[in-house]
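Notes follow once the structure below has been shown.
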Amino acid sequence: MPTRAPYPFAQIEPSWQKAWAQADCFRAAQPGEAGSEKPKKYILDMFPYPSGAGLHVGHLEGYTATDIISRYWRMRGHNVLHPMGWDAFGLPAEQHAVQTGTHPRLTTKKNIDNFRRQIQAMGFSYDWSREIDTTDPKYFRWTQWIFLKLYNKGLAYVAEAPVWYCPALGTVLANEEVLTTPEGPRSERGNHPVERRPMRQWMLKITAYAERLLQDLDLLEWPESLKEMQRNWIGKSEGAEVDFTLVGSDEKITVYTTRPDTLFGATYVVLAPEHPLVSSLTSPAQRESVEKYRQESASKSDLERTELAKTKTGTPLGSFVVNPVNGEKIPIWVADYVLASYGTGAVMAVPAHDERDFEFAEKFSLPIRHVIRPESGKSEAGCFADDGINVDSGFLDGLKTPEAKIRMTEWLEKKGQGRHQVRYKLRDWLFSRQRYWGEPFPILWRGETHEPLSDCDLPLTLPELSDYQPSPSGEPPLAKANSWRIMPDGRTRETNTMPQWAGSCWYYLRFCDPRNDQASWGAQAEKYWMGGGGVDLYVGGAEHAVLHLLYARFWHKVLFDLQLVSQPEPFRRLVNQGIILGEDNRKMSKSVGNVVNPDEVIAEHGADALRVFEMFMGPLEQMKPWSSKGMEGAVRFLSRIWRLVCEETDTGEWVPSTHLSEDAPDKETTRALAKATAKVTTDIEGLQLNTAISALMILVNHLTSLPKRPKGALLHLARLLSPFAPHLAEEVHQRLGGKGLVSLAEWPSYRAEDLQDDILELPVQVNSRLKGKIQIHPQATREEIESMIRGHSDLEAWTGGKSIQKIIIVPGRIVNLICP
RNA sequence: GCCCGGGUGGUGGAAUGGCAGACACAAGGGACUUAAAAUCCCUUGGGGAGAAAUCCCCGUGCGGGUUCGACCCCCGCCCCGGGCACCA
């Protein structure tokens with residue numbers, strides 16, 4: 001026989017979900033509609049990719065937090081936009097199609113239906129009238145439309161370049177989608193090996209926005225670590241280009257350096273093996289060894305060239321350049337510690353002040369010349385890479401590094417031998433994929449030239465295919481759809497599709513006005529919902545730090561420049577929810593078998609208990625392990641609330657508790673309510689939901705101890721509980737005769753004076769050690785406290801008879817007697 | 001190597017300069033019950049003294065410092081997690 005549930009959540013939860021849907025009570029008012037006069041809040045979750053595996057408890061942690069915040073602000077009289085949708089283009093549905101022949105559309109629909117069911121079972125207060133699906137032509141019509149904006153602004157271009165190609169996925173990937181692992185470069189999705197291949201691809205000019213993407217991070221309330229990751233990814237550096245003229249010709253090599261102040265210490269120049277001048281600068285005597293070295297480098301994997309390469313390799317070209325600042329003749333080397341892809345692919349080597357150059361110079365016995373000394377302490381023989389003071393540097397002697405950099409750059413500019421230069425590591429965004437299940441590009445080719453579709457031809461939908469496999473040569477599946485691809489006039493359609501990130505780059509804007517079929521969004525709606533710096537709270541995983549969150553900021557800035565949006569940044573405040581580990585403290589994974597299935601938890605304990613437990617586990621941002629015992633504790637807490645209101649008859653029915661009372665709450669209960677209300681209110685606003693719940697527990701513990709339970713106090717509790725456990729809160733509210741839906745009730749208030757205790761216990765320390773306590777009224781002044789201490793019967797015992805030299809009194813906090 | 005987090009009872013965590021361990025979980029004891037489950041009550045950082053009420057000592061990764069007072073602020077280390085990594 002199954003054990004009886006501690007309270008009837010299985011009946012309560014579905015029935016209130018139905019009641020909310022019927023009352024349509026979470027619909028956000030559009031500007032102009034009734035309700036839009038209220039202040040707005042836009043509370044957003046990172047919308048999920050609807051996978052076949054269904055939701056996991058990690059999704060639900062973030063969604064529960066935003067739901068609590070949304071419900072709270074609604075009760076505080078705000079017009080809350082809290083939407084949900086599906087980021088539904090992507091590879092898994094397509095891979096499933098390759099294996100089974102099922103159209104990705106069908107797989108996607110099935111998965112979406114399952115995700116929606118799971119989300120609705122949690123009782124989240126989404127405005128379902130705004131649900132969006134990135135694979136819906138009514139949606140991606142506007143994704144294509146935004147692409148055309150980028151295209152027409154010159155921010156989309158086709159380039160033949162070495163790109164990351166993943167044979168297992170059958171597609172190219174963006175830099176941001178490739179991870180550096182001990183096994184070499186791997187795909188972010190699926191962890192497959194990836195390789196460099198020269199291919200012709202669509203690129204988006206995100207580099208044009210590098211500086212603004214960097215600067216505007218300062219506008220954002222985001223976790224510092226995440227901002228730092230974006231800063232690193234953008235990778236700004238400031239320095240100078242320096243021209244080194246070749247000995248015996250007017251040709252020159254341009255290098256990039258962040259330390260122009262060390263130019264007097266440059267003792268050689270290094271080119272990357274791929275540098276275009278390597279061949280022409282190699283002397284006949286060196287030709288053979290240089291060619292050999294280049295071939296060796298080319299055959300090395302990236303891994304061999306970077307992480308494992310503890311020892312530097314290289315070979316001289318046999319030619320020389322002139323150091324512009326001192327006219328010295330210095331040799332040119334080729335070495336693969338210099339990257340072709342950064343700066344100019346050439347560096348000036350200053351072994352005394354750069355670790356890598358130092359290592360190389362040591363190995364090949366090249367001269368090391370110190371031109372910087374530390375500001376304090378003396379110069380040492382090794383490598384000194386920090387800022388300091390110039391020595392043996394002509395006109396820079398005695399200058400500190402920042403000043404010396406400026407002076408040297410000025411000198412180079414005056415001589416026409418160099419210039420100030422800012423560099424970024426950020427590369428343009430590789431935007432095309434050789435896949436079927438993505439947005440088709442609204443682009444036509446006529447021979448070698450491309451042209452855009454016009455807006456009225458959108459959406460450009462996908463053709464039906466029977467075979468979704470990309471060809472081994474890298475031809476996309478759409479290349480097979482000849483009737484779709486080839487236009488009557490001979491022009492052909494672009495057969496690549498957009499990457500999964502395209503749809504998520506702007507979905508938060510569509511939520512502002514999701515049913516608009518005249519425009520991507522109405523200006524008024526955008527201004528209203530995005531006002532005050534964009535989305536008010538955005539919650540999601542940290543895995544999108546340099547992917548979605550960078551791409552979306554980029555698109556948003558383009559739209560801002562086109563005056564299509566009113567704010568420079570999309571997401572004002574962002575919080576990353578921490579990972580929920582399995583009960584064994586390991587990452588949840590199917591193969592380990594420690595995955596917690598929310599469907600089962602809801603069936604066993606109810607959605608409210610799952611919500612409460614996930615929030616009670618610990619701080620939202622923190623990684624924390626699942627605990628089935630802890631889950632039971634949450635159920636116990638909720639069932640105690642239930643039994644405050646109801647009791648069970650012999651026949652198993654729940655009837656109103658005989659302890660209920662119509663009387664007004666006593667003073668202590670009034671105080672308990674006030675304290676809980678104050679704490680829950682500040683904690684919700686500070687997103688400290690674990691301590692908010694503990695405040696509710698303290699209140700419930702107090703109410704449980706009462707012989708008579710005032711209904712007013714329980715109704716107050718129901719409102720405080722409503723954001724956290726909304727189903728139970730509604731049921732309790734209704735059973736106590738509360739009017740309307742508690743979800744729409746006003747957030748409870750309290751009188752400040754009710755927070756005060758009648759008597760305060762003030763700890764008394766002697767020489768900072770706790771000795772005793774005095775009881776005093778809370779507003780007692782220093783003078784009153786001091787006179788009470790001095791007259792206290794225990795004073796002698798506390799001080800051990802010693803005289804008091806000093807009394808430190810912090811009213812309301814502590815007394816410390818100093819008795820030497 | 002560099003950057004960003006973090007280290008508190010048996011466990012999850014609370015306390016951002018003022019009584020360390022709120023609130024839970026687990027454990028132990030008790031009540032109710034034929035019994036079990038559920039529920040309710042009590043104890044619970046470690047060590048020591050006492051018949052007891054009580055009292056004393058130690059305690060927030062380690063070592064220093066600032067302060068009447070430090071989990072909290074400062075300096076130096078150790079360990080764990082995440083990110084970046086030959087970017088000149």
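Being a predicted model, the structure only gives us computed values, none of them experimental. A note on names: the letters A, B, ... follow the listed sequences, proteins ahead of strands, and every chain is numbered from 1.
Between A:Asn701 atom CG and B:C25 atom P the separation is 10 Å, expressed in whole Å. In this structure, A:Leu581 atom CG and B:C80 atom P are separated by 17 Å, rounded to whole Å.
Looking at heavy-atom distances under 4.0 Å, A:Ser225 makes contact with sugar-phosphate atoms alone, never a base. Residue-level contact check: A:Lys227 touches neither bases nor backbone, having no heavy atom under 4.0 Å from any strand. Residue contacts for A:Pro223: at a heavy-atom cut-off of 4.0 Å it reaches no nucleic acid atom on any strand shown. No engagement by A:Arg423 is indicated, since no non-hydrogen atom pair under 4.0 Å with the nucleic acid exists. Among the heavy atoms of the strands lying under 4.0 Å from A:Lys629 are primed sugar atoms or P, OP1, OP2 only; no base atom is included. As judged by a 4.0 angstrom heavy-atom cut-off over every strand, A:Thr258 is placed among residues touching the sugar-phosphate backbone only. Within the nucleic acid shown, A:Thr704 has no heavy atom closer than 4.0 Å to any nucleic acid atom. Using a 4.0 Å heavy-atom criterion, one finds that A:Gln765 contacts the bases of the nucleic acid, with or without backbone contacts as well.
Of the possible donor and acceptor atoms, none in the side chain of A:Arg369 sits under 3.5 Å from a partner among the backbone N and O of A:Gly265.
Residues passing the ring-ring contact (aromatic ring centres under 6.0 Å, His included) test with A:Trp798 are A:His792, sequence neighbours excluded. Residues satisfying the salt bridge (charged side-chain N to carboxylate O under 4.0 Å, His left out) test with A:Asp261, not counting sequence neighbours, are A:Arg259.
Heavy-atom distances under 4.0 Å link RNA chain B to no residue of residues 675-685 of chain A.
Side-chain to base pairing of A:Asn816 with B:C68: one donor and one acceptor N or O lie within less than 3.5 Å of each other.
Using bins of under 30°, 30° to 60° and over 60° for the plane-to-plane angle, the ring pair A:Phe360/A:Tyr337 lands in the tilted bin.
In this structure B:G76 sits in a base pair with B:C62, meeting the Watson-Crick or G-U test at under 3.5 Å.
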